[in-house]
Amino acid sequence: MKIAIGCDHGGFILKQGILDFLKQREIEVTDFGTFDEKSVDYPVYGKKVAQAVASGEADKGILLCGTGIGISIAANKVRGIRAAVVTDEFCAEACKAHNNANVLALGGRVVSPELAVKLVAVWLDTEFGGERHQRRIDMISDIEAETMK
Ligand code: RB5
């Protein structure tokens, strides 16, 4: 499995712990930056990771900003991306089981580095439920087909 990761300055604090965890699991990672806590614009990184996932260059993406919100909104503008912001284990599980989230977004000002790693693990280890959930995801794809050129 290949994972694309990206963050802004607000999410940078979470990145190293997640990279260490992915390395322990021997998961291949492409790090799209940012690489320090200097102020940058989160849409840049949301777009890079989303495009890597949408193109198949990566299987999944992880995005980090101050809240996880802005960077997930940016990622969700790319066709085929289902980016979910989560702050607890229940949602980390549900966003995979129900929504088949292909991008996980976390906030460096919201969750601790330890919880962030736990949420990544739950998301990776949960299986998509399929069936009625697939039907609903197909409906989301229909919205994209109707509204995106
Ligand atoms: C940057 O200050 C902050 O706005 C950003 O990291 C993020 O929280 C946006 O949603």
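Atoms within each ligand, like the ligands themselves, are counted from 1 in listed order. All heavy atoms count here, side chains included; hydrogens, waters and symmetry mates do not.
Between Leu63 and the choices Asp8, Ile5, Val49, the side-chain contact (heavy atoms from CB on, under 4.5 Å) rule is met once, by Val49.
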Hey, what polar pairs (N/O, under 3.5 Å) does ligand 1 make with protein?
| unit_1 | atom_1 | unit_2 | atom_2 | d |
| --- | --- | --- | --- | --- |
| ligand 1 | 2 (O) | Arg109 | NH1 | 3.3 |
| ligand 1 | 6 (O) | Asp8 | OD1 | 3.4 |
| ligand 1 | 6 (O) | Asp8 | OD2 | 2.6 |
| ligand 1 | 6 (O) | Gly66 | N | 2.7 |
| ligand 1 | 8 (O) | Gly66 | N | 3.3 |
| ligand 1 | 8 (O) | Thr67 | N | 3.0 |
| ligand 1 | 8 (O) | Thr67 | OG1 | 3.3 |
| ligand 1 | 10 (O) | Thr67 | OG1 | 3.3 |
| ligand 1 | 10 (O) | Gly70 | N | 2.8 |

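The side-chain heavy atoms of Lys60 and Val103, taken from C-beta on, include no pair separated by under 4.5 Å. Two residues are said to be in side-chain contact when any heavy atoms from C-beta on lie closer than 4.5 Å; Val85 and Val110 fail this criterion. Proximity of Val117 to Asp20: side-chain heavy atoms (C-beta onward) are nowhere separated by under 4.5 Å.
Phe128 and Leu104 sit in two unconnected hydrophobic clusters of ILVMFWY residues. Membership requires side-chain heavy atoms under 4.5 Å apart, directly or through other members. Taking hydrophobic clusters as Ile, Leu, Val, Met, Phe, Trp and Tyr residues chained together by side-chain heavy-atom distances below 4.5 Å, Leu106 does not share a cluster with Ile81.
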